[in-house]
Amino acid sequence: MLEIKFLRQNLSLIQKALDVRGETVDLDAFIKQDSERRAILLEIEDLRHQRNSVSEKIAQMKKNHEDATSLIDDMRSVSSNIKNLEKSLGASEEAIETILMGIPNIPHTSVPIGRNESDNTVVKQVGATTAFDYQPQAHWDLGEKLNILDFTRASKITGARFPMYYGTGAALERALISFMLDIHTKKHGYREVLPPFIVNQSAMTNTGQLPKFEEDLFKLQNWDYFLIPTAEVPVTNIHQGEILDAESFPIKYTAFTPCFRSEAGSYGKDTRGLIRQHQFNKVELVKFAHPDNSYDELETLLQNAERILQELKLPYQVINLCTGDLGFSAAKTYDIEVWMPAQGAYREISSCSNFEDFQARRANIRFRQKGHKGTRLVHTLNGSGLAVGRTFAAILENYQQADGSVIIPEVLRSYLGGIERISP
RNA sequence: GGAGAGGUGGCUGAGUGGUUGAAAGCGGCGGUCUCGAAAACCGUUGGGGGUUCACGCCCUCCGCAGGUUCGAAUCCUGUCCUCUCCGCCA
């Protein structure tokens with residue numbers, strides 16, 4: 001959410017931001033509602049002031065045992081007047097809230113202008129793409145032949161787009177989670193947190209999933225609760241409503257959680273394998289940062305996520321998302337894409353974003369700084385570090401051998417009892 | 001699931017219808033003292049909004065949402081959360 005005052009004073013800037021994002025919002029309706037609201041407010045505050053001062057007078061008169069009935073009668077009508085105006089005010093505020101909630105964040109100046117993903121820019125490529133002297137197999141074929149993945153039976157249990165792992169496959173997924181958490185906690189200084197996987201409506205609203213993207217979520221029946229689509233939601237909400245100390249910045253959390261996404265509108269896309277599932281595991285990185293250096297924090301967050309791929313020796317590239325591809329709440333996003341040999345393409349495995357104060361305003365997360373008056377909104381950032389299922393898939397495809405076996409990356413072996421290879 | 005207690009400012013904690021935005025203490029900030037620091041003492045210290053060029057003025061906020069009243073932190077209803085006891089349970 002943007003600040004209402006900022007919106008009022010920077011309409012053309014907001015309009016420009018909407019244009020480069022390819023979004024349309026009725027800003028004229030906002031202007032109209034906003035001036036209407038302020039007119040009502042003026043009237044209400046005047047009446048309230050009157051009520052306050054007369055009430056004080058009534059109190060005095062009662063103390064002196066004087067008759068105040070005529071004043072009380074006057075106030076009766078003032079009060080009912082206020083009550084009516086408050087109704088219109090409420091309606092007006094609601095209308096403004098709705099508009100405000102539908103306005104995306106303003107892209108940072110370093111975000112390339114573009115219409116869609118084809119306008120994203122490649123920041124860098126790391127590692128040569130894996131070479132094969134045969135046509136490399138897709139991870140779903142490898143996984144089923146190795147008897148470590150079973151999408152067929154998973155679909156009996158639930159339905160399409162749910163993964164099931166067996167044996168060394170299940171252990172590999174678990175090893176990846178531990179490995180990622182260990183790197184981030186021990187090498188990068190993040191604090192591990194294991195949050196709830198189900199959250200309420202306000203948590204979802206604070207991080208921006210609601211009200212606009214409810215169709216992407218799984219909602220519990222008879223509860224106002226949702227399955228989390230990412231650990232970003234519960235972890236960012238850890239500090240909702242709090243006033244933090246600037247000395248504590250940056251606050252860094254890492255969390256493993258499963259993630260649940262309805263993937264509405266993606267029917268027919270990535271139907272096979274681990275790339276697009278309704279349920280997947282992810283290790284998330286979340287930072288609360290000082291506004292003055294949140295973009296430096298974004299760079300290190302990105303490096304922290306990249307580190308995992310470097311340790312696993314997987315080739316990848318980093319993308320700067322253009323304005324048209326940027327998520328609703330983000331001001332800037334780097335995607336990390338891992339090389340998938342069977343597809344001959346880089347596929348997203350991490351998304352690292354700075355939300356500036358967009359989420360903090362909704363979640364009311366502020367900080368106080370020594371020597372400064374009042375409070376300011378913090379900047380929130382997060383990134384995948386990494387999507388575990390996609391990392392699993394990338395390992396299978398990049399580490400596959402001609403005989404159908406898969407070598408275990410060295411850094412993972414200690415997590416798997418020293419085994420070096422998964423064979424059929 | 002049953003019974004009870006409670007939710008007040010950064011924190012602890014007073015306050016049951018009329019200068020209570022809220023006592024007191026702690027913490028924070030500024031100062032006196034000191035070579036410096038500590039202690040002591042003095043002063044100061046919430047958020048949001050409207051309006052104004054500005055000084056300022058005003059409104060609002062005591063978990064949240066309603067209600068009663070001329071007037072509510074204080075009374076009533078609902079709701080959420082926390083705690084205690086009982087029951088059930090991984």
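Since the structure is predicted, the reported quantities are computational estimates derived from the model, not experimental observations. To find a chain, count down the sequence lines: A is the first, B the second, and so on, and within it residues start at 1.
- The partner of B:G1 is B:C86, judged by Watson-Crick or G-U wobble contacts that both fall below 3.5 Å.
- Taking atom CG on A:Asn364 and atom C1' on B:G63, their separation rounds to 14 Å, with Å as the unit.
- Between the side chains of A:Glu356 and A:His379, no donor-acceptor pair of N or O atoms lies under 3.5 Å.
- B:G7 and B:U12 have their C1' atoms separated by 15 Å, given to the nearest Å.
- To the nearest angstrom, C1' of B:G49 lies 15 Å from CD1 of A:Ile40.
- Summarising the local packing, CD of A:Glu242 is surrounded by more than 12 heavy atoms from other residues, nucleotides or ligands at distances under 6.0 Å.
- Heavy-atom nearest nucleotides on RNA chain B were determined for A:Ala59 and for A:Ser79, and the one closer to the 5' end corresponds to A:Ala59.
- When rounded to the nearest whole Å, the span between NZ of A:Lys83 and P of B:G71 equals 7 Å.
- Taking atom CD of residue A:Glu43 and atom P of nucleotide B:U51, one finds them 14 Å apart after rounding to whole Å.
- Atom CG in A:Leu89 sits about 12 Å away from atom P in B:G50, given to the nearest Å.
- B:G17 is unpaired under the Watson-Crick or G-U wobble criterion, no partner having all donor-acceptor distances under 3.5 Å.
- The base-pairing partner of B:G36, taking Watson-Crick or G-U wobble contacts with both distances under 3.5 Å, does not exist among the strands shown.
- Atom C1' of B:C61 sits at a distance of 36 Å from the matching atom of B:G2, rounded to the whole Å.
- Atom CH2 in A:Trp223 sits roughly 14 Å away from atom C1' in B:C81 (whole-Å rounding).
- Taking the six-membered ring for Trp and thresholds of 30 and 60 degrees, A:Phe162 and A:His278 have ring planes inclined between 30 and 60 degrees apart.
- Applying the Watson-Crick and G-U wobble criteria (two distances, each under 3.5 Å), B:A65 pairs with B:U77.
- You'll find the ring centres of A:Phe218 and A:Phe226 outside the 6.0 Å limit.
- In this structure, B:A54 forms no base pair with any nucleotide, since neither Watson-Crick nor G-U wobble geometry is met with both distances under 3.5 Å.
- Comparing atom distances between the A:Ile58 side chain and each of B:G49, B:G18, B:C59 picks out B:G18 as nearest.
- Base-pair partner of B:G27: B:U45 (Watson-Crick or G-U wobble, both distances under 3.5 Å).
- Here B:G17 presents its C1' atom at 16 Å from CD of A:Gln60, a figure rounded to the nearest Å.
- In this structure, A:Glu93 atom CD and B:U60 atom C1' are separated by 11 Å, rounded to whole Å.
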